[in-house]
Amino acid sequence: MTEYETIIVETRGRVGWITLNRPEALNALNSTLIREIVTAGKEFDHDPDIGAIVLTGSEKAFAAGADIKEIADKGYIDMYLNDPFKSWADFGRLRTPAIAAVAGFALGGGCELAMMCDIILAADTAKFGQPEINLGVIPGIGGTQRLPRAIGKYKAAELVLTGRMMGAEEAERSGLVSRIVPAAELLDEAAKVAEIIASKSLPVVYAAKDALQAAQESTLAEGLRFEKQAFAATFALDDQTEGMGAFREKRTPEFSHR
Ligand SMILES: CC(C)=CC(=O)SCCNC(=O)CCNC(=O)[C@H](O)C(C)(C)COP(=O)(O)OP(=O)(O)OC[C@H]1O[C@@H](n2cnc3c(N)ncnc32)[C@H](O)[C@@H]1OP(=O)(O)O
């Protein structure tokens with residue numbers, strides 16, 4: 001089992017939990033934290049006994065963005081050729097559904113990390129934003145691409161160009177978060193959602209996630225073609241026979257993940 005310095009990694013049943021743990025810096029994403037989140041995510045992704053991942057921070061901050069103190073003195077070549085953020089692409093490619101449970105600040109890279117997840121549950125204390133413009137830079141790990149897709153061009157432009165933060169209610173109204181829950185219930189709700197997903201057939205969950213991803217990355221015609229194939233492929237699975245058989249027999253399905 002890998003040892004971690006800046007995150008807490010646990011397995012609860014079929015759910016893998018990653019808790020960011022740099023409270024002194026509001027979970028600012030330094031190179032160690034980035035490496036550890038990506039490593040833990042990939043380890044869960046390779047474990048067939050894990051059916052969902054929850055990613056969370058503290059009550060005060062999910063993550064306050066890239067570690068400004070670590071990158072402040074870097075130059076163009078450091079950021080472009082040596083790209084300290086390139087491993088985030090691996091997190092974005094995880095096949096296991098990831099749920100971001102966000103309380104407090106999710107800013108800059110923190111907001112971008114939440115948007116790499118499939119579901120965002122927000123505590124009523126959550127605050128989202130892309131304040132990079134205040135630092136003389138722009139978002140660098142997907143903010144200018146995923147935010148407009150999530151909340152629309154005009155809302156995203158206002159946030160990215162002004163650096164304004166938005167609270168949980170505005171984020172929910174805008175379509176950035178799946179649901180708001182009272183802060184005290186955030187982790188229990190995230191656990192419930194994750195356990196429900198993890199109770200389904202793993203290959204079918206992967207297929208559903210792939211199809212949802214295709215909706216973000218392709219035209220409607222391409223996405224519909226992708227869905228048609230993926231849907232037909234589920235009929236090759238034992239779990240389709242089990243799921244539909246269980247419905248006919250009025251019992252709960254027992255998926256074998258095959
Ligand atoms: C991914 C890419 C490409 C870009 C980015 O993400 S750039 C970063 C974007 N994020 C920000 O600009 C947010 C920066 N943080 C803040 O504005 C504030 O900390 C706050 C509004 C989130 C919270 O303010 P508060 O007054 O409640 O707390 P602080 O005293 O400011 O913070 C406590 C402690 O944490 C350190 N901190 C906070 N954020 C970062 C960060 N992003 N990088 C490094 N360190 C951070 C802060 O300096 C302070 O520690 P010290 O007292 O030891 O300085």
Side-chain angles (χ1 to χ4, degrees), residues 4-8 18-41 55-94 98 100-117 120 122-151 155-171 176-177 183 186:
Y4 296 103
E5 237 180 86
T6 58
I7 56 174
I8 298 165
I18 302 173
T19 305
L20 280 59
N21 191 29
R22 281 193 81 207
E24 72 287 359
L26 303 184
N27 292 328
L29 302 163
N30 68 2
S31 46
T32 307
L33 187 45
I34 296 171
R35 189 184 61 248
E36 293 191 342
I37 293 170
V38 175
T39 302
L55 183 67
T56 194
S58 67
E59 279 178 27
K60 181 153 185 199
F62 176 72
D67 190 319
I68 300 165
K69 294 168 192 168
E70 192 181 68
I71 59 176
D73 296 329
K74 304 248 187 246
Y76 172 79
I77 289 295
D78 299 314
M79 300 311 281
Y80 188 60
L81 280 192
N82 305 333
D83 188 359
F85 301 133
K86 68 171 173 268
S87 64
W88 281 130
D90 290 340
F91 190 86
R93 277 195 293 267
L94 295 184
V102 177
F105 298 109
L107 301 178
C111 185
E112 291 167 309
L113 176 57
M115 289 191 290
M116 283 178 223
C117 296
I120 304 179
D124 45 18
T125 59
K127 290 188 190 67
F128 297 87
Q130 298 289 162
E132 290 89 341
I133 199 105
N134 299 327
L135 300 167
V137 295
I138 69 166
I141 52 173
T144 62
Q145 304 305 304
R146 290 196 175 97
L147 197 61
R149 283 167 168 80
I151 68 177
K155 189 94 187 165
E158 196 230 332
L159 293 174
V160 169
L161 296 176
T162 66
R164 179 174 77 81
M165 287 186 226
M166 65 178 168
E169 283 192 9
E170 185 181 354
L176 180 60
V177 306
L186 178 68

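In each ligand, atom 1 is the first atom listed, and ligand 1 is the first ligand listed. Values below: all heavy atoms of this structure, side chains included; hydrogens, waters and symmetry mates excluded.
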Would Gln130 and Val160 satisfy side-chain contact (heavy atoms from CB on, under 4.5 Å), going step by step from the backbone distance to the final call? CA-CA 5 Å; Gln130 298 289 162; Val160 169; 4.2 Å; yes

Using the side-chain contact (heavy atoms from CB on, under 4.5 Å) rule, take Phe105 and Asn27 through it: C-alpha gap first, then chi angles, then the decisive distance, then the call. CA-CA 9 Å; Phe105 298 109; Asn27 292 328; over 6 Å; no

The criterion is side-chain hydrogen bond (donor to acceptor under 3.5 Å, both in side chains); which residues satisfy it with Gln145, sequence neighbours excluded? none

The answer, listing residues by chain and number that come under 4.0 Å of ligand 1 through any heavy atom, is Glu24, Ala25, Leu26, Ala28, Lys60, Ala64, Gly65, Ala66, Asp67, Ile68, Lys69, Phe85, Phe105, Leu107, Gly108, Gly109, Glu112, Pro131, Glu132, Leu135, Gly140, Ile141

Before giving the answer on side-chain contact (heavy atoms from CB on, under 4.5 Å), spell out for Val38 and Asp90 the whole-Å C-alpha distance, their side-chain angles and the decisive distance to 0.1 Å. CA-CA 7 Å; Val38 175; Asp90 290 340; 3.8 Å; yes

Any salt bridge (Lys or Arg N to Asp or Glu O under 4.0 Å) pairs touching residues 135-146, not counting sequence neighbours? none

Would you mind listing every salt bridge (Lys or Arg N to Asp or Glu O under 4.0 Å) that reaches into residues 24-33, with sequence neighbours excluded? Arg22-Glu24

